[in-house]
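Structure, as structure tokens:
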Number of protein chains: 2
Amino acid sequence: MSEAVSRPTLEAVAARAGVSRATVSRVVNGGDGVRDSLVTRVRQAVDELGYVPNQAARSLVTKRHDAVAVVIAEPGTRVFADPFFAAQLRGISKELTAHDNQLVLLLTEGRDDHARVARYLAGGHVDGALVFSLHLDDPLPGLIRDAGVRTVFGGRPDWDDGDSGGAVYVDSDNRGGARDAVRHLVGLGRTRIAHITGALDQTSAVDRLDGYRDVMGDADPELVVESDFTPGGGEHAMRELLTRRPDVDAVFAANDLTALGALRVLRAEGRRVPEDVAVIGFDDMAPVAEQTDPPLTTVRQDIEEMGRIMARLLLGGGPAGGVILPTTIVRRASA
Amino acid sequence: MSEAVSRPTLEAVAARAGVSRATVSRVVNGGDGVRDSLVTRVRQAVDELGYVPNQAARSLVTKRHDAVAVVIAEPGTRVFADPFFAAQLRGISKELTAHDNQLVLLLTEGRDDHARVARYLAGGHVDGALVFSLHLDDPLPGLIRDAGVRTVFGGRPDWDDGDSGGAVYVDSDNRGGARDAVRHLVGLGRTRIAHITGALDQTSAVDRLDGYRDVMGDADPELVVESDFTPGGGEHAMRELLTRRPDVDAVFAANDLTALGALRVLRAEGRRVPEDVAVIGFDDMAPVAEQTDPPLTTVRQDIEEMGRIMARLLLGGGPAGGVILPTTIVRRASA
DNA sequence: GTGAAAGCGCTAACAT
DNA sequence: ATGTTAGCGCTTTCAC
């Protein structure tokens, strides 16, 4: 259909304003060091012609794009359903917009897409990438490193084994938050404190487990049940726990959804929360933690802020290494 | 920090393969009309050097970008929370990926952003735009038309007053679906059929109301209550309805969320569904419609497919005018 | 079938 | 302070 009507070029504006292309370029890019009278004249020509700079031409010479890619190694199905990504994307979107940068969303629906993403990043479309890697065996981080674009990871990448190794990432203080949670339970006088883990192929789950062990190192291993961050998984794990150790008096769940499942089972089994069993979660996702019965005490992490900081780091060219965001305990009724 | 290492250019590949830039270009773009031996030689050079074409340079001459913008005139807060957008984006993302196109997400957090979006679109970054306008007074559609990019709208734009006017859009058959819903209620023997509307500044809400009126033209106007597509709004409207017409025996709610609210009030008031009052929704959002008590009978529209078709239309350069997708009734227990 | 050369629209030295 | 000029990396006639 109607091919994009060919827009006016710098040249046209220059002709109309009776100046050189260089001058128009200067005005368009801020206009420092150009006589006011000329600035006005050029601005007017720009308006009259409806001139908008061609970004491809500009990028070709400046090597800047004012765009960053957000790479999420999850099928769209999950991304748009998970409030976690939602909050992160919101933070990112806000920060990018504030810096006049565009957000290019790259979702990988499957293994084949990885090559496509790598190609895109190497193609020099964007100034950098924000990557959510999530899984320990993911080949994507490697591919992206090879593509040679500035990258900030959301969550500690698994191949960052303690010493930064040049990677830039933003993560919550999962381990510290977990320690706080368990200590809170200890402070309540609980002694048989269990932990329902998250999916252990994600560093966040591993870190939270480590935090639990920091405090409960000498506890019965039976008190740790592996799970997967879902409510269903939480239910299953809680039942298992009740079988293994009927005397359990506190549970630290790897996230709020897991805690939700645990709560359901405890109620079904007639255990009072928090009197018989105290329960604490992780995340503080408002729609979940505030609605449980009883309302959930949990470890809060500011997800949206995390997204914002990732974007800021990428744009500002922050230092290599990790940025760890603090967590805080939000006390409600469950512990 | 580490500036993106300067990637090899066409020139470098040409030198390495001992051919001209033109030949490399041909090979990279499909390689028709080039001797097989040369093709092989060039391919090898490409691999060895890790060459990836610079898109800015390519776009500058071809005027193509293999990228399309998705413009959503809603703050990120809503977009990432609403399963409706989620499904649409999923469909779009899949179709674009299949055609090797990238998705640039443009959210407008406020009025100021409109200019930014318009500028971006006019800047020739993308081959087209997929726009979700949604509200009747929105200035965005106009701005976008002026930007001169191919555009497909999601949902009938309000300024499309019957005759297409050159706009391309994809919408569900809201009016027809509404008629079917009401007829279904009639078929159940109901006579005092009410309608709780959606937000009437959106064409979808208006169309559904029109569909209701097509069938119930002569009904008591008191049976129509204006609402806003939310569960809270549905509750409020249902209470109002019960006051106005305590004898109501069926409700057609403008969407599933509204129906959810209505259901809650009916239960609280001791009305049995569907025995005393039959309820039918619109959308068939699985997480909602399947979980209500009783499960909701509703009008299904395939949102993901809608997204996919929008993308296909944009890429394929479809005909002007609207594409209307059919709806079907999904019978569960509430009507 | 292959190469040479002319731009695409812009910015950034370098002159003036 | 402004204009001139040389590319950025690629595609695409047009000759050969």
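All chains are named by letter (A, B, ...) in the order of the sequence lines, taking the proteins before the strands, and each is independently numbered beginning at 1. The model shown is predicted, which means the values in this text are computed figures rather than measured ones.
With a 4.5 Å cut-off on side-chain heavy atoms, B:Arg116 and A:Gln102 count as touching. Looking at heavy atoms from C-beta onward, B:Val152 lies out of side-chain contact with B:Arg312 at the 4.5 angstrom threshold. Proximity of B:Asn29 to B:Arg58: side-chain heavy atoms (C-beta onward) are separated by under 4.5 Å at one or more points. Considering only heavy atoms from C-beta on, B:Arg43 stays 4.5 Å or farther from B:Glu48 through its side chain. Looking only at side-chain heavy atoms (C-beta outward), B:Ile92 and B:Val70 come within less than 4.5 Å of each other. Using a 4.5 Å heavy-atom cutoff, the side chains of B:Leu130 and B:Val68 are in contact.
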Pairs under 3.5 angstrom, nitrogen or oxygen only, protein versus nucleotides 14-16 of chain D, please.
none

Would you tabulate the pairs of protein nitrogen or oxygen atoms and nucleotide nitrogen or oxygen atoms of nucleotides 5-9 of chain D closer than 3.5 angstrom?
residue : atom : partner : partner atom : Å
D:dA6   : N6   : A:Arg21 : NH2          : 3.3
D:dG9   : N2   : B:Ala57 : O            : 3.4

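Using a distance-only test at 3.5 Å, with no hydrogens or angles considered, a donor-acceptor pair links the side chain of B:Asn101 to the main chain of B:His99.
Read 5' to 3', the first and last nucleotides of DNA chain C with an atom closer than 4.0 Å to a heavy atom of chain B are C:dG1 to C:dG9.
Closest approach of A:Tyr169 and A:Gly155 over heavy atoms only: CB-O, 3.9 Å. When every heavy atom of A:Val52 is checked against every heavy atom of B:Ala122, the shortest pair comes out as CG2-CB, 3.8 Å.
Here B:Asp113 contributes atom CG and B:Tyr120 contributes atom OH; the two are 14.0 Å apart, rounded to the nearest 0.5 Å.
As rounded to whole Å, 12 Å separates atom C1' of D:dG3 from atom CG of A:Leu38.
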